Amino acid sequence: MDVSRRDFLHLAAALGLVSVSNGFATTISSKNPADITLKDLYDFKATGNVTLLHICDMHAHIKPMYWREPSTLISAPELNGTPGFLCGEAFAKYYGLEPSSLDAYFDTHMDFEALAHKFGKMGGVAHMKTLVDQIKKSRGAEKVLFLDSGDTWQGTGVALKTRGEAIVKAQNYLGIDVMVGHWEFTYGKERVKELIGMLEGKFISQNVVGDDPFAEEYEELIFEPYTIEERGGAKIGIIGQSFPFTSTANPKEFTQGWSFGLRTDTLQAYVDELRSEHKVDCVVVLSHDGFSVDQEVAKKVNGIDFILSGHTHDPSPKPIVINGCAIMIAGSHGKYVGRLDIDARGGKVHGYEYKLIPVASNIIPADPAGVKLVNELYAPFDKEMNEVLGKTKGLLYKRDTFFSTFDQLINDAVMDEMKCDISFTPGYRWGTTVLPGDDILMDNVYEMCGVTYPNVYTFELKGDHIAKLLEDIADNVFNDNPLYQQGGDMSRLGGVSYDISVSNAPGKRISKLMVGGKLLDPKKTYVVSSWGGNLQSAGANLQEKKIRPVYDVVRDYIKRKKVVEVSNESNVHILDYDCGCPSVGAKSCKA
Amino acid sequence: MQRRSFLKGIMMTGAAAAVVSPSLAFSAEAPKGPNAMDLDTAIKAITGGKSVSASDKVQLKAPEIAENGAVVPVSVTVDSPMSAEDHVKAIHIFATKNSNVRCADVMLTPANGTASFSTRVKLGSSQDVMALVVTSKGEFLSAAQNVKVTIGGCG
């Protein structure tokens, strides 16, 4: 049964029955940007009996915002230029984007500032709701299921201050049916359970299992592993996959007693159970594994029809098909809604259509109820969030593999206050973008560092230890096996510059490591400040009096400076690539 | 749930078979104490120098990235009828780069019914975890998986 289904998909793809190749937003790209209308965004070739709507990695951005995609996205040589490791020109070429189009604005960094002025802010739940309502209305609400791949509850000041509650309210307003998690867990186990209690949808995960031998839940699943939802007469089996590396990427104390991991063996067992015992028409994995890891999962696990992925923040206008499984991922920060129409009958998927729809806030009108809700949720914090701290001369952005300007600003602030030799800022992929000349609000600072473990720690590390740590972090980003990556970018370093050959063997990638303009001395002890990670546990002589939340440190620094000017020149020199967005097989972007 | 009863099954077989007896297994003519052997010497002490072949019959389960290097769950299941003529006699687990490479030596008989064992090992750094299986036919079968031990650093 499994084989015949896959054979069918192969055959269907060969005959052009499954519109993988044209199931994306060509209608938008081919138009003159000025002519794009609401109709173009809504335009969709409705197919089959079920519609899955998909969001991922909203990071609590319930208001519209700017979010610039990376201008450097480098990994192991065999991965660069493939989906999951595409940016800029290589991305535009791969997906056939028109320069300066709405898609180019949403999907790449190119010409960002000019296009931001032209097209305006992205996302926001009030705009997203209008889009969702339109789809439900045209399609029939009984056919629509709304899935959320997680990283939804964390990432803004309003999320942090309400410990996730404001965002759960926004999810209930949007009508999220099912979700999984990652940063959700940084509110701690008890709070996660409380918030799930408030969520009108379901929270599922097959890969979170108790590992405390003295707890009731030892060796038990913490959440329901899957759910079966009936839509349009079809039974859709949805298996949840939370972030497999939560306990290594984030502080362990939040999830003590819960074990994560990829757990492909039990995933396979649940796929089989859904097919043979529950006779579902379609098997979906709702995942926070990351786009590249899910491509490996699709190779290892048979019988999955669709993986709706998340974590790595890739906007993927086209699904990729591996082992008969189509994988989609819908960007980040509320910028997109993925729409997947499926023809699922008789235990099989007979065809599908997909479109990654940009939530362009200047084109899709806001739902008044959503505006009201967002205003209510923000009201208690408006005074703090709307405080103007200063202005920026250049573009402040987050992302890129090694360096981005807002991270540099944070490192500048930390070094200024902590008087350290080196500052570490984590390589998260969430944050915000502030346009040149714009005010920097306190809200923006929380958008960059609103975590439940915000303390900046200042401590001592030996030079050789620092070099080893950097290699260790590099191997989490550049390992040629996606299963050994954790889906983030390199930690951002203040006070340091280095050369890197990403294609070198683990432990041998970094050279010419300079601290304060001098080669790193392996025997010397350096004063290091770090936040949002675990480095302090490796250090000595922690300066307890200096510990302070990073958002306060950054706020005070910007207020002191009034106008900030951060150079966009990276402190990292890539030796084996001459650009940030190589196409597949290329070491250079020169044609 | 199903998974749980399955796991309980593993634990019971594990408990029954957990004759972890390094001193017995390695007493004969070891040039150094068994805990000071390097990987090759430790394997040789088991195989007597006979060749070891990687086999699909040996299923080694370990996480790709350790949540905690001090307690890394490892389980080994061998596809074997466990009959008098054809059974697994021993499962050995190695942490290939630890200063003490030997983690467990598990002796089995057909009475065990299934050849599976699960335990937790301590890994000092990223390395391969290896299972070496000895069958009643005198074969030496193996499986290995790389486990990454990292301080983490991204989200």
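As a basis for the values below, the full set of heavy atoms in this structure was taken, side chains included, without hydrogen atoms, waters or symmetry mates. These figures come from a predicted structure and were not determined experimentally. Protein chains get the first letters and strands the later ones, always in sequence-line order, with residue 1 at the start of each.
- No salt bridge links E471(A) with K468(A); every basic N to acidic carboxylate O contact stays at or beyond 4.0 Å.
- A donor atom on one side chain and an acceptor atom on the other are not found under 3.5 Å apart for E253(A) and Y453(A).
- When D105(B), T77(B), V133(B) are each tested for a side chain to side chain contact (heavy atoms under 4.5 Å, CB included) with I91(B), only one passes: V133(B).
- When D475(A), N481(A), N479(A) are compared by the number of non-hydrogen pairs under 4.5 Å with chain B, D475(A) comes out ahead.
- Residue F424(A) does not touch chain B at all, counting heavy-atom pairs closer than 4.5 Å.
- When side chains are defined from C-beta on, V502(A) does not count as touching S75(A), because their heavy atoms never get closer than 4.5 Å.
- Heavy-atom distances place both the backbone and the side chain of Y484(A) under 4.5 Å from chain B.
- Proximity to chain B involves both the backbone and the side chain of S259(A), based on heavy atoms less than 4.5 angstrom apart.
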